[in-house]
Amino acid sequence: MADWMLWWIPGAPLVAAILLACFGKTALRGISPLVCVAGVGVSAVLSLLLMFTGNVAEEPIRLLGYQWLSIGDLTVDIVLQADALSTMMLVMVTTVASLVAIYAAGYMHGDPGQPRFFAAVSLFVFSMTMLVLSGNLILLYVFWEAVGLCSYLLIGFWFHKPEAAAAAKKAFLVNRIGDFGFALGIFLIWLLVGEALNGLPPAGQQLLDYSTVFQAAETVSRAHPTLLMTACLLLFAGAVGKSAQFPLHVWLPDAMEGPTPVSALIHAATMVTAGVYMVCRLSPLFALAPEAQAVVATIGGITALLAALIALTQFDLKRILAYSTVSQLGLMFVALGSGCSGEEILPVAAIGAMFHLFTHAFFKALLFLGAGSVMHSMGNVIDIRQFSGLRRVMPITHWTFLVGALALAGIPPLSGFWSKDEILAVVGLAAEESPYPSLFGWLRIGVLLTSGLTAFYIFRAYLLTFWGEERFPKAAGHHPHESPPVMAYPLIALAVCAAGIGLAVGPSHAFFHFLSHAPGLKGEPHPLAASVMATGTLVGLAGVFTAWWVYIARPGLATTWAKRFSGFYRMSLGKFFFDEIYSAVAVKPLEGIADTSSLVDKSVIDRLVDWIAGRPALVGRWFRKWQSGLIQSYAAMMFLGLMLLTVYLVWVE
Amino acid sequence: MTPQLYNSLLIGAVLFVLGTLGFLTRRNLIVMFLSAELMLQAVALNLIAFGRAHGNYHGQSFTIFVLTVAACEAAIALVLFLALYQRFNSLDVSVWHELGESDVEDVEPELLAEKEFFQVEEFPTYPTLSPAGREPALSKSSAGTKKGGAKRG
Amino acid sequence: MLLTLFAQQSATMNPWELGIPILLGVVGYMLAAASPQRRQNIPATVCLLGAIVAAWFTWWQLSGNVLEDVLFTCFAGLMAMAACGMQVETHPVYSALWFALVILATCGLFLMQGAAFISAATIIVYAGAIVVTFLFVIMLARQTGKSTYDVRLMQPMLAMVSGGLLLAALVYAIQQPVPVASQAAAPSVNMSAPTPADTNTLAVLGRSLFVDHLVAVELASVLLLVAIFGTLVIALQSRGQAR
């Protein structure tokens, strides 16, 4: 694996993005999907090469681009760092992205903004690969913002739709809240590490490189344990924003206004996992702040349960999947937080979270692309009440969606089962060994409940869509059809991955052994426990069965239950009214302040400025009488001045 | 200060002020230009007087430069007057006031004059054909007596 | 400002001495420059001449050399009268002729100050070249008779007030004693200083011009060249536009 190849992993999508941005509407018109797929594909092939041929795990690659800036004792390099964790993320991002790009070539066919779309997707892949490859916190932050920007561009891709524009704005603003905390966290880390090392990083490293931070972490935690915990919490705030955790989860469901491939790529599979990746990458730091980890786990648990409850009653297929994503990300954070139980458990917990992230990327992308396929066929209708019984019309979509649903529900031997099992095991361990046994006891119940609810809502969506009598909305036209091959093949490829990948790397602990070479994750895998596996499977099956019972075997039962638990039903349907609460608590008062400011600005400041601006005009009105254009009036002024000068000179003398 | 120098400076000042007066009040471009030349002469007088007082020839050298500049000025100014005259058929300087503020009142010198110290009365019209280039008697009588203008007007 | 001017006046001159000639001149000018129907030629002439005489009485200093005093006074008076006539005259051709007279008188003053070459050059340049050119232009412009703008003046009050004040300030300034510093300062930078034996003033002037002021002479020659070309360009352009 030559060094130049590593540069081309982010480089190829960047070149594609630049080409599409410059020539997308002229020279490359019509072949813009091809350019994007080529760029992302090169990146994917190189990532796979990196994983399988290079010995990255044992010998991390570190490539110095150039020194970006140097301020005082802070030097920031453009540096690529490829270790086990980065490689794993690279493979996931680029593989899913290339499949989604191929799918999007069909999905976006005929859209006038196609070049813009593919340029943004390429730019996103570039940013995301740079994010996982960056070797220091500043670079991480830069590309953290860059993926946020791409997300904004793609959510608002159909910017003429007011909802899409509003959703893009909302996503960007909500992310800003988290990113503000993230930035503060980085500054605090800089301060702490700089103090611990007296501003002198080890030779060849810079102050905010991961390795430097990890080396100094021990010193820092001894000197300032509280500050370190604060720093960890601030960094986690960034993750909460980016990974849509409670209380900043509100942007993700709205982000479904973007094109479906974007939802699959950015808002399910890759970008939202950046928060998980960041917490995992910094787990040596979090390991020194168990309180922060407990907070991480708690937030994750609340999010997981809350999102699962909301997903129960939604009718928008993409929104169900969005809440499912939020819920699954919550589970990952629970696993990450469980690392507070001790040094042996930390690697198991972090790698468990990463494993779920890895498998989740595939099956969630699959589910989203399946939903996109349904939407494509139904004429952009996504409300599951308006169609049903699609399994004969769209066999490929049906089967692949089923695989994804089973994986999400955690049914063995599909990939979701293996990763969810890891999480259940880790939470179980934490309940026994962590300093917060009761908290993790509750969290274990919460995780189990979430698993059951997950299985229920995904099968509710699946059954309502693909079973029952055949019904199509009017928008679908006379003849609903299966999606074209360019969309079907990525679905099949993703289905194969979603089905097999867990079995391939889960039971053998191959994933664990690969990832344990990453800094701070060195450890031994926890043996698989039959009891945990059985519990997880049973809960999942129970959820599936309940869904079948409610929606197929006893149609009408759902309505009865909705009436019986009408209070809860309405809460869930209204998404627990987070948007309304935020609107009342934050948005409306801020708007009030803004209106007041605007009023003051217009009526006081503007008037004052106008008044002041009017004074010179008054003086000017007086003086302009002399600006008659007659030479002699100007000459008269000159001579008067000459006279005054003479008088002045004589007088002074 | 010798009396000679003093007197020269005095004459220079008088000449300068008279030139100023002409430049400010006369509206004929050529007469304005002559007034400017008058001011230059006043300066030349001062230069020569100072040169003599100091006992060297710098003053006279400078006077030669003044002469040079005056000659250049005359050449350029006269050709400009010619061009302007061809444009508007008038040597009145107040015709050219496009650079002033357009909406300022009292730009027209006729209007200006009304507000001045002197009362404006109707100005006698001249006959269009003056015999043999001689000054018509009318204008002399108007300058001298008041009745001549009133009759023709 | 003016009050302080008078208040600080030195003992050599009182306000009346400064003011009377100026006032007389102003009155004369007002009479001469009034609107055509009110013009009073004879009182105006009397006033202006009176102003000149008053100025001679109040401001003039005698050197003691009778011939010089007489000649100086004559030239100065002639010059002042001619200048007044030029400003009062309503016909541009007569104004030009008055101007020529002013130049002649000035040249006489030059001659008295030992500047024979300058006086000759001035006569040649002004009386010879410039006045002829003026007359040429006036003829070219076909100035038949007087125009309105030759008779009506532009803001005579403003001009008279500022001119009178300027003259007062200048005369007052001239009459102030010269500061010691500037009196003593006689920097002899001229490499071509005239020797007592030097009687050929033209040779000395030539030396001064081409030794002390060589660069300025060259610049002046360039200026003349540019002026010639500029004249040609403007003349040709305006002729093209006129057609």
Side-chain angles (χ1 to χ4, degrees), chain B residues 1 3-4 6-7 9-11 13-15 17-18 20-22 24-25 27-28 30-31 34 38 41 45 48-49 52 54 56-58 60-61 63 65 67-68 71-72 74-76 78-81 83 85-86 91-92 109 112-113 116-118 120-121 123 126 130 139 142-144 146 149, chain C residues 34-37 39 59 61-63 72 76 80 83 87 92 95 99 106 109-110 113-115 118 121 125 130 133-134 137 141 144-146 148-150 152-157 159 163 166-167 170-171 174 178 186 190 193 204-205 208-209 213 216 220 223-224 227 230-231 234-235 238 242:
Chain B
M1 193 187 283
Q4 206 173 29
Y6 168 83
N7 289 339
L9 294 183
L10 202 61
I11 297 166
V14 170
L15 198 55
V17 169
L18 281 169
T20 309
L21 214 57
L24 290 184
T25 54
R27 284 162 54 195
N28 189 318
I30 291 175
V31 181
L34 287 177
L38 222 58
Q41 281 303 306
L45 252 175
I48 285 181
R52 186 172 168 87
H54 282 293
N56 59 35
Y57 281 77
H58 290 316
Q60 296 198 18
S61 302
T63 310
F65 295 132
L67 274 180
T68 314
C72 296
I76 299 284
L78 290 179
V79 76
L80 277 173
F81 295 163
Y85 184 81
Q86 282 170 353
L91 283 173
D92 188 356
L112 268 180
E116 291 300 334
F117 177 76
F118 304 108
V120 173
E121 290 166 30
F123 190 70
Y126 289 99
S130 66
S139 70
S142 76
K146 293 177 187 173
Chain C
S35 64
Q37 284 79 12
R39 200 159 274 184
W59 298 346
Q61 287 182 7
L62 292 174
S63 64
F72 223 105
Q87 303 307 349
S95 281
F99 175 70
T106 319
L109 288 175
F110 285 170
Q113 310 229 12
I118 304 290
V125 172
I130 295 185
T133 320
F134 279 137
V137 166
T144 54
K146 285 184 275 190
T148 320
Y149 57 83
D150 276 325
R152 288 224 175 116
L153 298 180
M154 176 84 75
Q155 311 181 6
M157 275 303 279
L166 183 61
L167 185 58
L170 283 174
V171 172
I174 292 166
V178 181
N190 52 334
V204 183
L205 175 61
S208 171
L209 260 182
H213 307 290
L223 183 69
L224 276 170
T231 311
I234 298 172
S238 65

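Reminder, nothing fancy here: chain letters follow the sequence lines and each chain counts from 1.
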Rounded at 0.5 Å granularity, tell me how far [atom1] in [X] sits from [atom2] in [Y].
X	Y	atom1	atom2	value
Arg52(B)	Phe110(C)	CZ	CZ	13.5 Å
Leu10(B)	Ile174(C)	CG	CD1	5.5 Å
Leu45(B)	Thr106(C)	CG	OG1	6.0 Å
Leu109(C)	Ile11(B)	CG	CD1	5.0 Å
Gln87(C)	Leu34(B)	CD	CG	9.0 Å
Leu18(B)	Leu167(C)	CG	CG	8.0 Å

Let me know if Ala74(B) has heavy atoms under 4.5 Å from chain C in its side chain, its backbone, both or neither. side chain

Is it true that a side-chain atom of Tyr57(B) and a backbone atom of Leu209(C) form a donor plus acceptor pair closer than 3.5 Å? no

Keeping Gln60(B) on the side-chain end and Ile118(C) on the backbone end, is there a donor-acceptor pair under 3.5 Å?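 It does not hold such a pair.
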
Out of Ala80(C), Ala121(C), Gly114(C), which one racks up the most heavy-atom pairs below 4.5 Å with chain B? Gly114(C)

Using heavy-atom distances under 4.5 Å, tell me whether Leu170(C) contacts chain B through its side chain, its backbone, both, or neither. side chain

Give me the atom names and distance for the closest heavy-atom approach of [X] to [Y].
X	Y	value
Gly163(C)	Val17(B)	O-CG1, 3.4 Å
Ile76(B)	Ala227(C)	CD1-O, 3.6 Å
Asn7(B)	Gln61(C)	ND2-O, 2.8 Å

What residue in Val14(B), Thr20(B), Leu15(B) has the most heavy-atom pairs under 4.5 Å with chain C?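 Highest number of pairs under 4.5 Å: Leu15(B).
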
I need the residue from Ala49(B), Pro3(B), Ala83(B) with the largest number of non-hydrogen atom pairs under 4.5 Å to chain C.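 Looking at each option in turn, the highest pair count goes to Pro3(B).
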
